[in-house]
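As the structure lists them, so they are numbered: ligands from 1, and atoms in each ligand from 1.
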Amino acid sequence: MSDYTPLDEISTIRDAVKAGFASGKTRNVAYRKAQLLQLAHMVKDNAEQMVSSLREDLSRPRLEAYFLELGAVLKEAMIAYKKVDKWAAPEGVPFSITTSAMFGKVYKQPKGAVLIIGPFNYPYWCTLTPLIGAIAAGCTAVVKPSELSSASMKLLVELLPKYLDQDCYRIVTGAIPETTKLLELQWDHIMYTGSGMVGKIVAAAAAKHLTPITLELGGKSPVIVDKSADVTLTARRVLWAKMANAGQTCVAPDYILVAKDKHDALVEALLETYEQFYPKAEGGAAESTSFARLVNQRHFERVQKVLDRTKGEIVAGGETNATTKYIAPTIVKNVSLDDSLMEEELFGPVLPIIPVDSFQHAVDYVNTRDHPLALYLFCNDHKVKASVLEQTQSGMAMVNDLIISAGVEGLGFGGIGAVGMGAHSDKTGFEQFTHRRSTIHVPAWVDLLMKFRFPPYSSRKESTALALLMPSVPRGLSGTSSFNWLLWGPLIAIVGAAAGVLTKKQAISSGK
Ligand code: NAD
């Protein structure tokens, strides 16, 4: 494909961003802030073009483009811009009577030249949010967007060089051969977002160079609806979160586990909401400008096939059109746990509803599967909430709402187990690309206190070492504390005071 980066140029591009890192310019936080602002301007200036590209790739409604993607990227860029000085500042260590004189500090060093690989479903958020983390951390980067959302990919190819420093931030386009070539090269970190199957390929390639990775993968995110839930609110929020981007959202609710005695009420509320969202009188979802399409024929057929095999009862939607890659928002009730819809991540606009005996039954089922990326709970009972959150594990958990936690400042976005490792968004993005370098700077006089470490060893030195190095341990199951505070307490206090005085003297004499 002529739109793809020639294979023989890929290592040159990698070498260029390595050289960009070696030049040292990204160490400067003011430079990083200037690049973050450039990225924010890139989104602001070209938002309407980005909206058009999302429409071309996914028939994404304009509001969804802003709400779920462009606004979120802009917010990330501005948070990083405002906070990077603080994030990048060295951190002191807690006071310790034995080690404070060594001036321990953690310096936040950028890892180096990093690779960011993105999926098709959120082509801007899933590439630019990691890039924001990389820029903030002081890394240089190559971004490889998905070839499936080709209009968005092409726009990124056009825009990135206009706004970002080409010595440090580059784009490579392509499919499997180009990504394979990228993965053969050594990187200082790889952040990959996409399917678990390709995630394993990325992890194996990274292992060859012992490269650290962040994996943002997909899975089946359950919704547990307790008998205490408000079904109208549940129906409105779940149907929106499921059908946004035609179900092609990594944290889309995949299926509902609902308490048996709420099943019918929830289905009824979902049907009412369905009519409000996609009114029949206006042509339903097929004519709606508020509903996207599947990205390509392969994904269309994948979803259609699982839908064809379901033994559940389709109560809304079910219509499909291969030419327009349209699968109607579809609600399937009375689905059993061994149904076709429960095999893989659906990643399409199909919502299975499974009646369960109780919230505990739902929890037990969720715990038989891989940990989900997001776990959703609808309930108004604090005990149930505490119990579900306590008994389950997931990348993220949301109570009485879905998807939008990524928009909450201070929260990271990431998985656990089969849905990934590491996180991005906000400070977590900065942290993924940062090495916390532990340093000490030890004054000469510390040898007065630590002389015991130098040979020849003696029993006196040993006693001093034991007194300093073997602190008391609180009484536990296995016995009593072995430390004699009456004996060693006053000595430690004297040593600590002496260390304090000497540290102060040194600071005064060195003018600090
Ligand atoms: P995908 O794995 O098919 O592709 C992702 C990237 O990997 C693309 O850039 C593609 O070119 C590359 N790729 C594909 N096959 C490859 C191979 N064999 N070797 C090397 N590289 C290869 O994923 P997708 O279909 O674009 O995205 C959908 C998946 O991503 C869903 O499972 C979804 O849940 C997940 N996802 C996860 C998150 C998250 O944050 N956890 C976000 C968005 C999407």
Side-chain angles (χ1 to χ4, degrees), residues 1 3-5 7 10 57-58 68-69 72-73 76 115-130 133 142-150 152-153 156 171-185 190-206 213-221 241-242 244-254 294-300 302-303 343-348 370-374 394-396 403 405-406 411-425 428-429 432:
M1 285 269 296
D3 291 332
Y4 293 174
T5 306
L7 283 174
I10 289 176
D57 288 329
L58 295 148
L68 297 175
E69 184 131 22
V73 174
E76 288 290 336
L115 173 63
I116 294 165
I117 303 174
F120 76 80
N121 59 332
Y122 286 86
Y124 296 109
W125 193 74
C126 290
T127 51
L128 296 182
T129 305
V142 166
V143 175
K144 210 302 280 177
S146 171
E147 70 284 14
L148 301 189
S149 34
S150 57
S152 307
M153 177 192 85
L156 278 174
I171 186 160
V172 164
T173 53
I176 297 177
E178 291 75 13
T179 321
T180 305
K181 178 77 199 168
L182 281 166
L183 289 170
E184 282 166 10
L185 303 171
I190 299 174
M191 181 173 284
Y192 165 80
T193 306
S195 62
M197 196 191 70
V198 179
K200 287 178 188 164
I201 296 172
V202 172
I213 49 176
T214 304
L215 297 179
E216 300 282 352
L217 312 176
K220 285 179 96 63
S221 294
K242 178 73 188 190
N245 206 29
Q248 300 162 108
T249 302
C250 57
V251 282
D254 194 277
L294 278 273
V295 71
N296 62 18
Q297 283 300 324
R298 181 167 62 84
H299 280 280
F300 169 83
R302 178 184 59 75
V303 179
E343 289 164 3
E344 303 283 336
E345 177 186 17
L346 287 167
F347 218 55
D370 287 335
H371 298 321
L373 184 56
S394 61
M396 291 154 282
I403 294 188
S405 76
L411 294 183
F413 188 97
I416 176 174
V419 285
M421 58 184 81
H424 68 90
S425 193
T428 56
Q432 293 300 293

Q. Mind checking what makes side chain to side chain donor-acceptor pair (under 3.5 Å) contact with Thr249, not counting sequence neighbours?
A. Tyr122

**Q.** For Glu216, the ligand 1 atoms whose distance to one of its heavy atoms is below 4.0 Å
**A.** 37 (C), 38 (C), 39 (C), 40 (O), 41 (N)

Q | Atom indices of ligand 1, in the order listed, that fall short of 4.0 Å to a heavy atom of Cys126 | A | 42 (C), 43 (C)

Q: State the atoms of ligand 1, each with its element, that fall below the 4.0 Å cut-off from a heavy-atom position in Thr179.
A: 11 (O), 20 (C), 21 (N)

Q. Which atoms from ligand 1 have a heavy atom of Leu373 less than 4.0 Å away?
A. 41 (N)

Q.
Glu147: which residues meet the salt bridge (Lys or Arg N to Asp or Glu O under 4.0 Å) condition with it, sequence neighbours left out?
A. Lys144

Q | Nearest-0.5 Å distance, CD1 of residue Ile213 to CD of residue Gln432 | A | 10.5 Å

Q: Would you kindly specify which portion of Phe413 sits under 4.0 Å from ligand 1, judged on non-hydrogen atoms: side chain, backbone, both or neither?
A: side chain

Q: State the atoms of ligand 1, each with its element, that fall below the 4.0 Å cut-off from a heavy-atom position in Asn121.
A: 43 (C), 44 (C)

Q: Considering the heavy atoms of Gly118, write down every atom of ligand 1 situated less than 4.0 Å from one of them.
A: 5 (C), 6 (C), 8 (C), 9 (O)

Q: May I ask you to list the atoms of ligand 1 that are less than 4.0 angstrom from any heavy atom of Ile201?
A: 18 (N)

Q. What orientation do Trp125 and His424 show, parallel under 30°, tilted 30 to 60°, or perpendicular over 60°?
A. tilted

Q | Sub-4.0 Å atoms of ligand 1 with respect to non-hydrogen atoms of Glu345 | A | 31 (C), 32 (O), 33 (C), 34 (O)

Q) Would you say Thr193 and ligand 1 have an N/O pair spaced under 3.5 Å apart? A) no

